[in-house]
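Below is one structure, written out as structure tokens; comments come after it.
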Amino acid sequence: MEKKTVNNVRVGRFELLMDAGFGAQKAGDILIRAFARMGKYVFIEPMIPAEISPPARTRPALSGVIIRVAEFDLENIGNNTDVILASHEVVLDRRLDDEEHNPNCRVLLDMGDKALPTSGYDRVMKRVKDSGLSIYPFEIVPEAQTIIRSLAGKARNMYYLGMLGCIYNAPEEFVINEIKLTFGTKLREDVFKKNIDLFHYGYQDARDNVPFAYEVQNASGKNGHEKILIDGNSALGMGVVDAGIKLVSWYPITPASSILHTLAKVFPSSGGILHQAEDEISAIGTAIGAYYSGVPALTCTSGPGLSLKQEFIGYATAAEIPIIIIDVQRSGPSTGMPTKTEQSDLLPVIYGSHGDNAKIVLGVYDIIDCFYAPQLARYLAEKLRLPVFIMSDFQTANSYKVIDKPRIFEMKDSNDIDDFVLDHFGLQRLPEPIEMVRTEQAVPGTPGKMRRITGLNTDQTGTVNYFSKASQRSHAVRNEKVHCVQRALKKPELFGGREEGDVLIVGWGSAKGAVEEAVSYCQNQGLAVGGMCLRFVNPLPLMLKEIFSRFKKVVTVELAYGDPYKHPPLAMILRAETLADVQAIISRVTGRPITPRSIETKVKELFHAGIA
């Protein structure tokens with residue numbers, strides 16, 4: 001082997017590509033846990049096929065992980081990949097289509113399937129070379145192949161885990177410890193030992209035969225806070241517990257289901273009830289019924305389930321029953337692409353129910369937001385007696401990240417919400433009292449406090465009333481609840497501190513990390529570019545119009561469809577609210593996350609065209 005080149009870098013990104021069902025995500029999870037224990041920051045994005053058990057060695061079978069590791073905190077999955085390890089040529093060929101690799105990307109390709117009559121190794125290797133990438137063919141050593149055959153073809157991921165662990169200089173003992181924590185009590189002793197042996201063989205193979213390695217320094221300037229490694233849906237689940245929610249009613253749907261997997265492990269011990277309903281409509285009906293009786297409740301769903309819940313959402317608005325809905329967005333419409341990320345639910349969430357509907361819509365930035373959002377949602381739902389949405393997406397839901405351990409509050413009464421949570425989301429405490437359509441809002445069973453619950457229009461006493469003045473008042477009161485929140489919203493953070501300039505980039509929810517990094521790129525090149533990302537998308541902060549007026553051009557980036565004839569949702573809403581000529585520079589629905597470099601490229605195009 002030629003002399004090994006060690007690349008000292010502050011940040012790196014690599015991928016493991018395999019067929020579905022062969023453990024690529026599990027290997028990735030083990031490796032990032034080892035990195036985290038070493039003191040590095042990590043961000044991981046799984047690539048999960050929508051099909052259940054797609055045939056091996058087919059393009060739809062691509063399953064894998066993208067891992068970004070750095071010595072500094074990470075807010076997104078980054079731009080391009082430095083190293084790809086592929087289990088065969090079909091998954092590599094499919095992944096190259098996404099064009100997310102660096103020009104100098106190094107590709108490690110397992111040649112074990114080359115003898116198959118259907119293989120296309122020569123064509124794919126030519127494609128790699130024609131793209132200017134470096135390719136390093138390898139074969140699993142015979143001793144390891146014998147072990148894999150004894151395990152019915154499984155555990156190949158442990159060999160690849162060893163190779164990547166060596167390439168990224170993760171000491172064997174750190175990775176083995178995480179393997180033990182993952183599999184130690186689940187596998188027979190002999191099977192577990194074979195997995196460890198495979199890891200060792202892969203590690204040694206890379207050490208002896210791969211001519212390059214990467215050294216990512218451990219995090220510097222630690223802030224003294226205890227760190228944890230957690231994904232977005234797990235953070236939402238734990239946040240639900242800390243917010244004092246006592247009933248979660250749901251129907252299984254990708255990508256929201258893992259919230260409930262987390263809750264199934266911990267919810268009963270905190271006095272919570274997890275109810276799997278027979279369908280999406282029953283799930284939200286159960287949650288509304290629980291909140292009517294005074295039990296804090298929520299429901300979780302994704303796009304198709306959201307469509308089914310709309311009538312009950314409108315009912316909760318009219319009946320003044322609090323309800324919290326977590327919507328983990330995925331690619332649509334209809335079934336769409338269940339395991340791809342998108343931000344296309346904004347309009348149906350805000351405007352989906354018939355008639356004039358008042359509701360609060362909150363988009364989480366990142367994993368730490370996922371933990372605190374249920375507390376804020378409960379506070380707002382109970383204070384306003386309106387539906388409150390927590391909007392996440394596939395990317396946030398399934399991405400692991402190292403974060404400071406969140407503060408635990410164990411909320412009992414939503415009125416006692418800590419100022420820390422309000423400040424975190426840029427909201428002042430709401431005024432007292434807030435007028436309701438019906439004066440009486442007591443919990444059922446309160447002596448002398450009987451009240452009628454109905455979706456029909458009522459007056460202050462709760463009596464059904466179809467008169468014009470009563471209808472006008474009901475609409476005004478419901479909307480004034482939203483206006484109370486709007487007046488309490490603080491000025492959004494402007495990334496890079498720029499208050500005026502040529503271009504302002506605006507995103508919402510999970511676009512935050514990419515927008516912030518792109519603004520940094522642009523400002524480092526002397527461009528007068530600012531950026532902001534919205535957590536509250538309904539209502540919007542009152543001062544947006546004034547902020548927009550200080551920039552020559554305001555543009556949006558969002559994972560929702562737009563074209564020259566159709567504005568995507570965020571741009572459409574901002575144009576209506578501010579009357580500014582807001583244009584989208586990224587409005588794509590590829591199922592892939594927005595990258596900082598793609599934003600930077602689009603902004604530079606504006607400058608080159610003389611628009612900014």
Side-chain angles (χ1 to χ4, degrees), residues 243 284 287-288 291-292 294 296-299 309-327 346 349-363 373-391 413-417 421-422 425-443 451-462 465 469-490 534-544 573 576-577:
I284 189 170
I288 291 172
Y291 237 135
Y292 168 57
L298 62 76
T299 187
K309 295 181 189 293
Q310 290 289 5
E311 185 176 1
F312 255 137
I313 292 168
Y315 175 81
T317 303
E320 293 187 312
I321 302 174
I323 184 62
I324 301 166
I325 304 108
I326 297 176
D327 176 23
L346 195 52
V349 163
I350 298 176
Y351 305 115
S353 298
H354 64 278
D356 180 74
N357 262 264
K359 59 194 74 167
I360 306 299
V361 181
L362 176 68
Q375 292 191 45
L376 182 64
R378 182 185 169 194
Y379 169 72
L380 293 171
E382 294 180 9
K383 197 79 171 173
L384 305 172
R385 306 191 74 81
L386 287 177
V388 177
F389 279 86
I390 300 172
M391 302 283 284
D413 186 336
S414 62
N415 286 314
D416 297 331
I417 187 171
V421 177
L422 295 175
F425 289 97
L427 183 70
Q428 301 175 51
R429 197 170 290 270
L430 298 183
E432 297 276 5
I434 294 176
E435 184 182 6
M436 299 290 147
V437 173
R438 302 166 187 79
T439 303
E440 185 54 70
Q441 295 288 342
V443 172
R451 63 180 175 126
R452 169 178 282 171
I453 291 297
T454 176
L456 296 170
N457 191 69
T458 72
D459 59 21
Q460 295 97 313
T461 67
N465 190 320
K469 288 185 178 179
S471 176
Q472 185 69 23
R473 174 186 174 272
S474 296
H475 282 75
V477 169
R478 285 192 291 267
N479 279 278
E480 176 58 22
K481 298 176 189 180
V482 179
H483 302 334
C484 283
V485 175
Q486 191 169 31
R487 290 190 290 271
L489 287 175
K490 300 176 183 178
L534 299 168
R535 285 189 174 105
F536 279 88
V537 283
N538 194 61
L540 292 168
L542 284 169
M543 66 291 296
L544 280 187
I573 293 168
E577 290 286 327

What is the minimum heavy-atom distance between [X] and [Y], and which atoms define it?
{"X": "Leu427", "Y": "Val485", "value": "CD1-O, 3.9 Å"}
{"X": "Phe425", "Y": "Phe536", "value": "O-CE1, 3.6 Å"}
{"X": "Val361", "Y": "Leu346", "value": "CG1-CD1, 4.5 Å"}
{"X": "Arg451", "Y": "Ala442", "value": "NE-O, 2.7 Å"}
{"X": "Thr454", "Y": "Tyr315", "value": "C-CE1, 3.9 Å"}
{"X": "Leu362", "Y": "Ala373", "value": "CD2-CB, 4.1 Å"}

Inset, instruction - Would you please test Asp356 and Tyr351 for side-chain contact (heavy atoms from CB on, under 4.5 Å) and show each step? - result: CA-CA 8 Å; Asp356 180 74; Tyr351 305 115; over 6 Å; no

Pairing residues for [X] by the side-chain hydrogen bond (donor to acceptor under 3.5 Å, both in side chains) criterion, not counting sequence neighbours:
{"X": "Tyr291", "result": "Glu382"}
{"X": "Asn465", "result": "none"}
{"X": "Gln310", "result": "Ser353"}
{"X": "Gln428", "result": "none"}

Legend entry - Arg452 side chain reached by Glu440 side chain, heavy atoms, under 4.5 Å: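 A side-chain contact is absent here, since even the closest heavy-atom pair is not under 4.5 Å.
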
Legend entry - Note, Thr299 side chain near Ile326 side chain (heavy atom, < 4.5 Å):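 Not in contact.
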
Residues two or more places apart in sequence or in another chain: which of them pass side chain to side chain contact (heavy atoms under 4.5 Å, CB included) with [X]?
{"X": "Glu311", "result": "none"}
{"X": "Ala318", "result": "none"}
{"X": "Thr439", "result": "Gln460"}
{"X": "Ala476", "result": "none"}

Atom pair [atom1] ([X]) and [atom2] ([Y]), whose distance is rounded to the nearest 0.5 Å:
{"X": "Glu577", "Y": "Ile573", "atom1": "CD", "atom2": "CD1", "value": "8.0 Å"}
{"X": "Ser414", "Y": "Leu376", "atom1": "OG", "atom2": "CG", "value": "11.0 Å"}
{"X": "Ile417", "Y": "Leu380", "atom1": "CD1", "atom2": "CG", "value": "7.0 Å"}
{"X": "Asn357", "Y": "Ile313", "atom1": "CG", "atom2": "CD1", "value": "8.5 Å"}

For [X], salt bridge (Lys or Arg N to Asp or Glu O under 4.0 Å) partners two or more places apart:
{"X": "Arg487", "answer": "Glu480"}
{"X": "Arg473", "answer": "Glu435"}
{"X": "Lys309", "answer": "Glu280"}
{"X": "Arg438", "answer": "Glu320"}

Legend entry - Short side-chain to backbone donor-acceptor contact, Tyr379 and Leu430, under 3.5 Å: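 Checking the backbone N and O of Leu430 against the side chain of Tyr379, a donor-acceptor pair under 3.5 Å is found.
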
Legend entry - Donor on one side chain, acceptor on other, Ser471 and Asn457, under 3.5 Å: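 No, no side-chain donor-acceptor contact under 3.5 Å.
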
Inset, instruction - I would like to know whether Ile390 and Leu298 meet side-chain contact (heavy atoms from CB on, under 4.5 Å); could you show each step before the answer? - result: CA-CA 10 Å; Ile390 300 172; Leu298 62 76; 5.7 Å; no

Inset, instruction - Test Lys359 against every option in Ile325, Val388, Asn538 by the side-chain contact (heavy atoms from CB on, under 4.5 Å) rule and name the one that passes. - result: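 Answer to the side-chain contact (heavy atoms from CB on, under 4.5 Å) test with Lys359 among Ile325, Val388, Asn538: Asn538.
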
